[in-house]
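Every value quoted in this text rests on a predicted model; they were computed, and no experiment measured them. One is the number of the first residue; the rest follow in order along the sequence.
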Amino acid sequence: MAPSGTRARAASSRSSAAQTRTRVASGCAIGSSTAGDATSSRAPLRPAYKQHTAVDDFAGVVVDVEIVTGEEHDTGRFDERLEAIEATPGVTPGRITADRLYGIGRIYAALEDRRIAAVIPPLRAPRRKGAQGFPTERFKFDPHHDVVRCPARRRLTPRNVTKSGQWYRADRHDCARCPLKAQCLPRGAPSRRVHIVTNHAAILRARRKRLAWGKDGHAIYTRHRWRVEGTHGTAKTLHELARAIRRGLENMRMQALLTAIAMNLKKLAAAMMLLLCSIIEIRAVRPNPAAA
């Protein structure tokens, strides 16, 4: 058994998935100095677990909990947990909210396939330090013809396939006589190439939707933050989820599930109390026929 004083890491990922009124939160990574099958997460390196929790946006109740090792990426179980959320309440989410970390093509494509609205800021395209030439955002991808257009409107054709996408390269003769050659080509490169990630078209659609966010969209995303953080804060400060009581994934799942049950029972008790108070108030103001 892990000592009771094992420290917990702060929330490493915060995502939220909302049904018509449902949201998914992905959250705190719990560390333990003798954490069994826990694995190292972000710096500072220490054995850790990650907890993924689904929270209903309307009632604030927990509808799904999953524990994974600390080395697993935060988005690795997104599809699996989304299916679990659909199965538990028996309703397909109508809207998903999540942090920018979840703004990748695979997530957007999965939500589009299920016809679920996404309120997720797109993740910025990575660009290594010291990179030369125009960034990838200046190139336009045409999925219908499977080509990329450069800022000078020249075509880049598909080349090598990678695990995360595909490289597209321009013809060296086009680059040699291009007026934007000095700005576009990295030093020593005969022609320009760009890497287009899988589901890039879904990312482009998500970027356009992000620019079209109105007051409602911003309000939904703001509520996602305090709803998720409130759930994690309550679990850690009032229900001892900030410490790994026992080691092993199954034991951690049991701890997380018991914590979720306790939080849900408290919300149910509060709702029943409000209902009882409302009934008492209604009866108090209603005229008594016998007195008349």
Side-chain angles (χ1 to χ4, degrees), residues 10-28 52-64 73-86 89 91-127 134-144 148-149 151 164-165 194-233:
S12 63
S13 67
R14 307 173 185 93
S15 126
S16 98
Q19 207 188 54
T20 331
R21 294 174 170 176
T22 302
R23 160 174 299 136
V24 171
S26 175
C28 56
H52 298 272
T53 307
V55 183
D56 180 81
D57 187 30
F58 177 68
V61 298
V62 179
V63 297
D64 181 68
H73 194 273
D74 298 330
T75 62
R77 301 289 183 96
F78 186 85
D79 294 339
E80 175 185 325
R81 301 330 304 165
L82 185 56
E83 292 177 359
I85 294 164
E86 293 174 339
V91 179
T92 300
R95 181 177 60 234
I96 298 289
T97 62
D99 287 343
R100 190 183 297 275
L101 180 64
Y102 288 77
I104 59 178
R106 179 173 60 83
I107 301 298
Y108 290 126
L111 296 178
E112 288 180 354
D113 291 342
R114 290 178 166 88
R115 297 184 180 180
I116 300 175
V119 184
I120 307 175
L123 190 65
R124 296 184 181 90
R127 183 173 171 84
F134 290 135
T136 305
E137 290 82 357
R138 294 289 302 275
F139 295 78
K140 296 183 178 180
F141 176 59
D142 183 357
H144 299 291
V148 174
R149 296 283 182 179
S164 58
V194 295
H195 185 261
I196 301 299
V197 298
T198 306
N199 298 313
H200 183 74
I203 297 178
L204 296 180
R205 290 189 291 269
R207 288 174 181 169
R208 290 193 292 267
K209 292 178 182 178
R210 173 64 180 87
L211 295 175
W213 278 12
K215 292 183 178 179
D216 292 341
H218 287 284
I220 291 170
Y221 189 67
T222 300
R223 189 173 71 247
H224 143 73
R225 293 182 174 181
W226 64 255
R227 172 68 81 182
V228 173
E229 293 303 327
T231 301
H232 292 315

Please tabulate, for the side chains in residues 195-207, all donor-acceptor contacts under 3.5 angstrom to protein atoms that are two or more places apart in sequence or on a different chain.
| unit_1 | atom_1 | unit_2 | atom_2 | d |
| --- | --- | --- | --- | --- |
| His195 | NE2 | Thr162 | OG1 | 2.8 |
| Thr198 | OG1 | Ser164 | O | 3.1 |
| Arg205 | NE | Glu112 | OE2 | 3.1 |
| Arg205 | NH2 | Glu112 | OE1 | 2.8 |

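A centroid separation of less than 6.0 Å is found between the aromatic rings of Tyr221 and His224.
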side-chain contact (heavy atoms from CB on, under 4.5 Å) assessment of Val63 paired with Val55: CA-CA 6 Å; Val63 297; Val55 183; over 6 Å; no
Evaluation steps, side-chain contact (heavy atoms from CB on, under 4.5 Å), between Phe78 and Ile96: CA-CA 11 Å; Phe78 186 85; Ile96 298 289; 4.2 Å; yes
Test side-chain contact (heavy atoms from CB on, under 4.5 Å) applied to Ile120 and Leu111, step by step: CA-CA 11 Å; Ile120 307 175; Leu111 296 178; 4.0 Å; yes
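At a threshold of 4.5 Å between non-hydrogen side-chain atoms, the residues Leu82 and Ile116 count as touching. Contact annotation: the side chain of Pro122 never approaches that of Tyr102 to less than 4.5 Å [non-hydrogen atoms, C-beta and beyond]. Considering only heavy atoms from C-beta on, Val148 stays 4.5 Å or farther from Lys140 through its side chain.
Every residue two or more places apart in sequence or in another chain that forms a salt bridge (charged side-chain N to carboxylate O under 4.0 Å, His left out) with Arg77 is listed here: Glu66, Glu72, Glu80.
Residues Glu86 and Arg81 are not paired through a salt bridge, judged by the lack of any N-O separation under 4.0 Å between the basic side chain and the carboxylate.
Inspection of the His52 and Asp64 side chains reveals no N or O donor paired with an N or O acceptor under 3.5 Å.
With rounding to the nearest 0.5 Å, the separation of CG in Asp99 from CG in Leu123 is 11.0 Å.
Every pair tested for salt bridge (charged side-chain N to carboxylate O under 4.0 Å, His left out) that includes a residue from residues 210-222 fails, sequence neighbours excluded, so the list is empty.
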